[in-house]
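It should be emphasised that the depicted structure is a prediction, and the values quoted were computed from it without experimental measurement. Computed over heavy atoms, backbone and side chain alike; hydrogens, waters and symmetry mates excluded. Here is the naming used below: chain letters follow the sequence lines, and residue numbers restart at 1 for every chain.
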Amino acid sequence: MLRTNSCGELRKEHIGAEVTLSGWVNRRRDHGGLIFIDLRDREGIVQTVFNPEIAPAAAKAAGDLRSEYVIKVVGKVALRPAGTENAKIPTGDIEVIVKELEILNTSKTPPFYINEEIEVDESLRLKYRYLDLRRPRMKENLLLRHRVVKFMHDYLDARGFTEVETPIFVKSTPEGARDYLVPSRVHPGQFYGLPQSPQQLKQLLMVGGLEKYYQMARCFRDEDLRADRQPEHTQLDCEMSFVSREDVLQLIEELYSSLANTLKPELKVIKPFPRLTYADVMAKYASDKPDLRYGLEVADITDIAGKTEFKVFKTVIANGGVVRVINAPGCGEYTKKQLDELNQLATSAGAKGLLTISLGTKGGSLNDLAQDMVKSVAAKFMTLEQIKEMAGRCKANKGDLLLIIAGELEKIYPALDTLRREIARSLKLADPHVLAFLFIIDFPLITRSKETGRWEAVNNPFTHPSDEDIPLLDSAPDKVHGKNYDLACNGLEIASGSIRIHRTPLQRKIFKVLGYSDENVEKLFGHMLEAFDYGAPPHGGFGAGIDRTMMILTGEDNIRDVMAFPKNQSATDLTFGAPSPVSEEQLKELHIKLREE
RNA sequence: GGCCCCGUGGUGUAGCGGUCUAACAUGCCACCCUGUCACGGUGGAGAUCGGGGGUUCAAAUCCCCCCGGGGUCGCCA
């Protein structure tokens, strides 16, 4: 027997028990005579004591132990002598007096600390991921991830959902992201595509009468990586028949709030989740996934700006542009350098420039503000009254800093969003103990493509248009809203879904508006349309990102820290060294000849 | 592909033209140490400063190119 107990579970009630423990040497304190070994397993750490007077052989052997050796000890749980308790660890009241020691395996000195929470170069962590996983942070993240997924399974099972697996080798379509491809050995020159999501499959499951389906679905996208994006990620994929948007939103809200309350009770969830239309979030937060843990709302001051003598404003407005402001509270005394940095940030996010107006020093109210307290390159082109009016729009006070961006509406959103995040970050406005969920609804269904100038689906072509907007499909497709919805939290998009089209004529109509030829529709979506013809029920659902869910629950700002074996930014797996070349024989079997670049 | 940031003993950092024959902490090795818990003490090994080129009397330090890593835009639900 290798163990009777885990290291981490031992408490006062185990005193007197003879236990066998196995684990890793977390730390060794060799006093010459007495040797203390902190023994670590998944559940925690316990102090073991080697006393040459009690067990001479074991004590002698313990002198050779080094960090990360794997050992088995047999000993007795004892109360620690008075005054030597360690309040920092849960097992700190007791210790194990060792009688026998067996070294199960030795270890080389690890390339980085496992027993200390020190920031280590991430490439090194990824190369030795199996060592990184021993560290408390990664271990806790993976254990929590398991409980989150388990909670979702239980939650949905209790509500009558059935988990159905869908294939990983599916058909490649030109829609959406770039597909990962798998060459077919049996069919020369042909390829499978890996699913970007099981979208069509789950709709067909609804046609198949499953009614309530879910799956922990692996999704693949061959696009560049980001802090919250990996080439493969896991989605809680869910679909229901005979539901309205309201039913789906209720389910998501219940699932996420009970999940957070159960597994992370120390985090505060604001209920009910606010629902904002896409138009609202863009106007107030310049983002479709705003962090609502802080205000810093964007205000429109186009009208006031138009009355000033500031030429930049006049030109922008004359060209149909707008002027927006964000208040940076208490930043009125920012230095030239700090203002330059904000400017830099705004311009690199696509703004033509950033106008700052410093509202003097803290103390007193906006009414006390005098012209000579105002600092801005544009100060002489506007009256004190105009400045106060702008300040009032964004609830600014004396001592604050107005950040103003002028330009074409669509083009200034990124800069406003960037500034809002930056101010919140530097002022530490986002409470790490709050989960600020919100639903975004009433997205536009169809938009004009920037590159091709053609109409394209904002979400996917299966999203049901809002009933009242259906008549607009011919006259003004861009005015049509969809029955889709997003769940965002703390600045991340967490889930996304919609009520789908379930009748062929409407689906054909959408394809027509999107400019698909009849021939293409048959080729790409014929199987879907045919399925709808056989009594497809009304249905809708969502896909929720498990990895991003883990990010908000753990507070990690990088998706790699909630995955066991993630890829780095260049999509390589540093543990295995994938991707890698393959043999000529393998290529030949797949009928593949490499191209000269 | 564009922009920004980073690369110094095993690890984390300091040094930012000369006093660097590269410092500190920790880890590692040896010896000492019977109540520590980031144990303590003494001694020791360990770095061609990511690579290449250039500027200079002199480069870890300045410039250029390359490589690697991260963030971001494009791309992507």
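Across the P atoms, B/rU72 and B/rG53 are found 35 Å apart, a figure rounded to whole Å. Of the P atoms belonging to B/rC62 and B/rC6, the separation is 11 Å, rounded to the nearest Å. The gap from the P atom of B/rC31 to that of B/rA23 amounts to 27 Å, rounded to the nearest Å. Nucleotides B/rC29 and B/rG9, compared at atom C1', are 15 Å apart to the nearest Å. Separating the P atom of B/rG27 from that of B/rC66 is a span of 41 Å, rounded to the nearest Å. Rounded to whole Å, the separation between the P atoms of B/rA22 and B/rU61 comes to 16 Å. Taking atom P in both B/rA60 and B/rC49, the straight-line distance is 7 Å, to the nearest Å. Nucleotides B/rC4 and B/rC64 have their P atoms positioned 11 Å apart, rounded to a whole Å.
When the nucleotides B/rA77, B/rG10, B/rU34 are ranked by their closest atom to the side chain of A/N51, B/rU34 comes out on top. Comparing atom distances between the A/I118 side chain and each of B/rU36, B/rG12, B/rU34 picks out B/rG12 as nearest. With distances taken from any side-chain atom of A/R229 to the nucleotides B/rG70, B/rC37, B/rG74, the minimum falls on B/rG74. For A/Y113, counting side-chain heavy atoms from C-beta on, the closest listed nucleotide (B/rU11, B/rA77, B/rU36) is B/rU11. Considering only the side chain of A/V120, B/rU11 comes nearest among B/rA77, B/rG71, B/rU11. Comparing B/rA77, B/rG69, B/rG70 by their closest approach to the side chain of A/T572 singles out B/rG69. Among the nucleotides B/rG10, B/rC37, B/rG69, the one closest to any side-chain atom of A/P111 is B/rG10. The nucleotide whose nearest atom lies closest to any side-chain atom of A/T84 is, among B/rA30, B/rA77, B/rC37, B/rC37. Comparing B/rG70, B/rU36, B/rC39 by their nearest atom to the side chain of A/Q47 picks out B/rU36. You'll find that the side chain of A/A177 is closest to B/rA77, out of B/rC28, B/rC37, B/rA77.
By the 4.0 Å N-to-carboxylate-O rule, A/D417 lies too far from A/R420 to be salt-bridged with it. In this structure, A/R560 does not pair ionically with A/D547, as no charged nitrogen and carboxylate oxygen lie closer than 4.0 Å. Ionic pairing of A/K483 and A/D442 is not present here: no N-O contact between side-chain nitrogen and carboxylate oxygen is shorter than 4.0 angstrom. Between A/E232 and A/K567, at least one side-chain nitrogen of the basic residue sits less than 4.0 Å from a carboxylate oxygen of the acidic one, meeting the salt-bridge criterion.
The aromatic ring of A/H31 sits over the base of B/rC39, with ring centres less than 5.5 Å apart and planes tilted by under 30°.
A/N460 comes within contact range of no nucleotide atom at all, as no heavy-atom separation falls under 4.0 Å. Residue contacts for A/Q199: at a heavy-atom cut-off of 4.0 Å it reaches no nucleic acid atom on any strand shown. A/V46 comes within 4.0 angstrom of no nucleic acid atom, judged by non-hydrogen atoms across all strands. Residue-level contact check: A/R548 touches neither bases nor backbone, having no heavy atom under 4.0 Å from any strand. A/E175 comes within contact range of no nucleotide atom at all, as no heavy-atom separation falls under 4.0 Å. Among the heavy atoms of the strands, none lies under 4.0 Å from A/Q344. Backbone-only engagement by A/L124 is indicated by non-hydrogen atom pairs under 4.0 Å involving sugar-phosphate atoms exclusively. Using a 4.0 Å heavy-atom cutoff across all strands shown, A/G543 reaches no nucleic acid atom at all. Residue-level contact check: A/R221 touches the backbone only, with heavy atoms under 4.0 Å from sugar-phosphate atoms and none from bases. At a threshold of 4.0 angstrom between heavy atoms, the contacts of A/S348 with the nucleic acid are absent. In this structure, A/T418 reaches neither bases nor backbone, as no heavy-atom distance under 4.0 Å exists between it and the strands shown. Across all strands shown, A/N115 has no heavy atoms under 4.0 Å from either base or sugar-phosphate atoms. Within 4.0 Å (heavy atoms only), A/R226 reaches at least one base atom of the nucleic acid.
One finds the CD1 atom of A/I552 at 4.0 Å from the CZ atom of A/F437 (value rounded to the nearest 0.5 Å).
Between the CZ atom of A/F112 and the C1' atom of B/rG12 there is a distance of 13 Å, given to the nearest Å. Whole-Å rounding puts the A/F50 CZ to B/rU36 C1' distance at 14 Å. B/rA77 atom P lies 10 Å from atom CD of A/E493, rounded to whole Å. As rounded to whole Å, 16 Å separates atom C1' of B/rC37 from atom CG of A/L65. Atom-to-atom, CG of A/L131 to P of B/rG27 comes out at 18 Å; the value is rounded to the nearest Å. Between A/K567 atom NZ and B/rG69 atom C1' there is a gap of 17 Å when expressed in whole angstrom units. Protein atom CD of A/Q569 is 16 Å distant from nucleotide atom P of B/rC6, rounded to whole Å.
Contact between the side-chain N/O atoms of A/R66 and the OP1/OP2 oxygens of B/rC29 is found at a separation under 4.0 Å. Between A/R28 and B/rU36, a side-chain N or O to OP1/OP2 separation shorter than 4.0 Å is absent. At B/rA38, one or more side-chain N or O atoms of A/K88 fall inside 4.0 Å of OP1 or OP2 (strictly under the cut-off).
The partner of B/rC3, taking Watson-Crick or G-U wobble pairs whose two distances both stay under 3.5 Å, is B/rG71. Across all strands shown, B/rC24 forms a Watson-Crick or G-U wobble pair, both distances under 3.5 Å, with B/rG12.
At a cut-off of 3.5 Å, with distance as the only test, no side-chain donor of A/Q235 or A/R218 sits close to an acceptor on the other residue.
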Exercise for review: Would you please test A/E556 and A/R137 for salt bridge (Lys or Arg N to Asp or Glu O under 4.0 Å) and show each step?
Suggested key: CA-CA 10 Å; A/E556 297 286 1; A/R137 170 178 167 194; 2.9 Å; yes

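Donor-acceptor pairing under 3.5 Å, judged by distance alone, is absent between the side chain of A/E223 and the base of B/rG74. Side-chain N/O atoms of A/D121 and base N/O atoms of B/rG12 include no donor-acceptor pair closer than 3.5 Å. One cannot find a donor-acceptor pair under 3.5 Å joining the base of B/rU26 and the side-chain atoms of A/E116. Within 3.5 Å, no donor on the side chain of A/R29 pairs with an acceptor on the base of B/rC33, nor the reverse. Interface remark: the A/R80 side chain does form a donor-acceptor pair with the B/rC37 base, using a distance-only criterion of under 3.5 Å.
If A/N568 and A/E85 are placed on RNA chain B by their nearest nucleotide, the residue sitting closer to the 5' end is A/E85. Between A/D486 and A/D228, it is A/D228 whose nearest contact on RNA chain B lies nearer the 5' terminus.
For A/H481 and A/F443, the distance between ring centers is not under 6.0 angstrom. For A/F462 and A/F525, the gap between ring centers is short of 6.0 Å.
Residue A/E68 is tested with A/R27, A/K108, A/R40 for a salt bridge (Lys or Arg N to Asp or Glu O under 4.0 Å); the sole match is A/R40.
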